[in-house]
Amino acid sequence: MTASAFLTARGLNVKLTGRLVLNDISLALSPGHLVALVGPNGAGKTTLLRALAGLVPSDGVIHVGGDVLSSLALRERARRFAYLPQGHIVHWPLPARDIVALGRYPHGATDPARLTARDAEAVLRAMQATDVMEFGERRVTELSGGERSRVALARVLAVEAPVILADEPTSSLDPRHQIDVMKTLRLVADQGVLVIVVTHDLGLAARFADTVLVLSDGRLVSQGAPAEALSEQVMGQVFRISAYRAEYQREAVIVPWAEI
């Protein structure tokens, strides 16, 4: 593990139902970075997130915070990784505030109605960061898909984990809230958290990420700064598209433009 890396994987392989989904993935990621994980459908992006958190069996070695992941108890893993899955499906008609409070479970808060002052402060900060204070008392099952997704993100932020794994956190949001979510995750990264975001929006990846990882057929085929990782060659070979490139307000602009 490099001196500055907090999360590393070496020779990571994952087989699901007998099929090799991830093939020899190695990476080293540092705190304070927002990492965008991109690739075509079926490339293995979700599987990689789940493997890094120990949620699916894998071969190879993963270190987090200097410890071998497999050596950590489940609750300790839950304190180090905050995982936001796709879909934001919630089956319980609980108030949104109580859903956010579930993020404190790894810290021992088993009852959302009986939080310590520290837990309550973490929940409040998370709800403020995701702009969900106004419907904190509403049942989450009564919220729109976009509102539920923001509540789900607030739950993840409430964990206050050193690593956030977010699987397509902007997929159900309108453009304003897509930008708002990415700004929130960017701010969290700037505060020292390692944030890994799966996204199909290459424009958001180029604008907000420090590092882009490109997966194709289960292999890590490109990684680096957005302009480097999403080069014309990669865009053509992996995504089968060309892209418009520019800079606006000192931020990179990459817009998928045409099939090739």
Side-chain angles (χ1 to χ4, degrees), residues 1 5-9 29-35 49-56 62-141 143 147-167 169 181 184-198:
M1 186 171 72
F6 187 83
L7 177 63
T8 67
L29 304 175
S30 301
H33 286 75
L34 194 155
V35 179
L49 277 198
R50 291 175 60 80
L52 290 174
L55 298 175
V56 295
I62 299 170
H63 284 86
V64 56
D67 297 311
V68 177
L69 178 65
S70 60
S71 72
L72 299 177
L74 292 179
R75 177 157 287 187
E76 180 58 29
R77 294 187 197 183
R79 284 193 287 262
R80 298 200 190 188
F81 292 96
Y83 176 57
L84 177 63
Q86 294 183 32
H88 321 299
I89 298 173
V90 178
H91 299 288
W92 313 292
L94 296 174
R97 185 183 305 276
D98 287 359
I99 295 294
V100 179
L102 292 175
R104 300 305 297 173
Y105 186 83
H107 300 278
T110 57
D111 183 353
R114 300 178 63 184
L115 299 178
T116 67
R118 180 176 179 179
D119 291 328
E121 289 169 3
V123 169
L124 177 62
R125 284 193 296 270
M127 294 183 70
Q128 290 173 333
T130 53
D131 192 25
V132 298
M133 291 292 295
E134 64 183 285
F135 41 80
E137 304 306 321
R138 289 173 56 189
R139 293 181 178 181
V140 72
T141 49
L143 302 178
E147 290 169 342
R148 285 197 302 271
S149 71
R150 286 154 53 201
V151 170
L153 177 59
R155 177 190 60 78
V156 165
L157 297 184
V159 181
E160 296 186 322
V163 182
I164 290 177
L165 307 172
D167 198 350
V181 164
T184 298
L185 292 173
R186 176 71 265 173
L187 178 62
V188 171
D190 289 341
Q191 293 170 346
V193 175
L194 170 58
V195 180
I196 307 174
V197 179
V198 169

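The structure displayed is predicted, hence computed values, not measured ones.
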On a heavy-atom basis, which atom in Val156 and which in Leu84 lie closest, and how many Å separate them? CG2-CB, 3.6 Å
Hey, could you give me the CZ/CD1 distance between Phe81 and Ile196, rounded to the nearest 0.5 Å? 7.5 Å
Taking the side chain as every heavy atom from C-beta outward, state whether Ser30 and Leu194 have any pair of such atoms under 4.5 Å apart. no
Side-chain donor/acceptor of His107 to backbone N/O of Val159, under 3.5 Å: yes
Assess whether atom CZ of Arg125 is packed by more than 12 heavy atoms of other residues, nucleotides or ligands within 6.0 Å. yes
Stepwise side-chain contact (heavy atoms from CB on, under 4.5 Å) test for Ile62 and Thr8: CA-CA 6 Å; Ile62 299 170; Thr8 67; over 6 Å; no
For salt bridge (Lys or Arg N to Asp or Glu O under 4.0 Å), just list the numbers for Glu160 and Arg79, CA-CA rounded to whole Å, side-chain angles, deciding distance to a tenth of an Å, and then say yes or no. CA-CA 8 Å; Glu160 296 186 322; Arg79 284 193 287 262; over 6 Å; no
With salt bridge (Lys or Arg N to Asp or Glu O under 4.0 Å) as the test, would you mind laying out the steps for Arg50 and Asp167 before giving the verdict? CA-CA 10 Å; Arg50 291 175 60 80; Asp167 198 350; over 6 Å; no
Take Leu143 and Val151 through the side-chain contact (heavy atoms from CB on, under 4.5 Å) test and state the conclusion after the steps. CA-CA 9 Å; Leu143 302 178; Val151 170; 3.9 Å; yes
Heavy atoms, side chains only, cut-off 4.5 Å: are Pro169 and Leu185 in contact? yes
Walk me through it: do Leu102 and Ile99 pass the test side-chain contact (heavy atoms from CB on, under 4.5 Å)? CA-CA 5 Å; Leu102 292 175; Ile99 295 294; 4.2 Å; yes
So, Arg150 side chain and Asp131 main chain: donor-acceptor pair closer than 3.5 Å or not? yes
Are the side chains of Phe6 and Pro162 in contact, using a 4.5 Å heavy-atom criterion? yes
Rounded to the nearest 0.5 Å, the CD1 atom of Ile164 sits from the CG atom of Leu157 at a distance of 5.0 Å
Would you find a donor on one side and an acceptor on the other, under 3.5 Å apart, between the side chain of Asp111 and the backbone of Ala113? yes
Quick one: does any side-chain atom of Arg104 pair with a main-chain N or O of Ala122 as donor and acceptor, under 3.5 Å? no
State which residue, out of Leu72, Val163, Leu69, fulfils the side chain to side chain contact (heavy atoms under 4.5 Å, CB included) condition with Arg80. Leu72
If we only count heavy atoms from C-beta on, is the Leu29 to His33 side-chain gap below 4.5 Å? no
Under the criterion side chain to side chain contact (heavy atoms under 4.5 Å, CB included), which of Arg139, Met133, Glu137, Arg138 is the partner of Phe135? Arg138
Supply the atom-to-atom distance Glu76 CD to Ser71 OG, rounded to the nearest 0.5 angstrom. 9.5 Å
Arg75 charged N/C atom sitting above Tyr105 aromatic ring, 6.0 Å / 45°: yes
Work out which heavy atom in Ala126 is nearest to a heavy atom in Ala154; give both atom names and the distance. CB-O, 3.2 Å
Ala161 versus Val193, closest heavy-atom pair with distance: O-CG1, 3.7 Å
If I compare all heavy atoms of Ala53 with all of Leu165, which pair ends up nearest, and what's the gap? CB-CD1, 3.6 Å
Close side-chain approach of Leu7 to Leu52, heavy-atom, < 4.5 Å: yes
To check you understand the geometry: which heavy-atom pair defines the closest contact between Ala109 and Leu115, and what is its length? CB-CD2, 3.9 Å
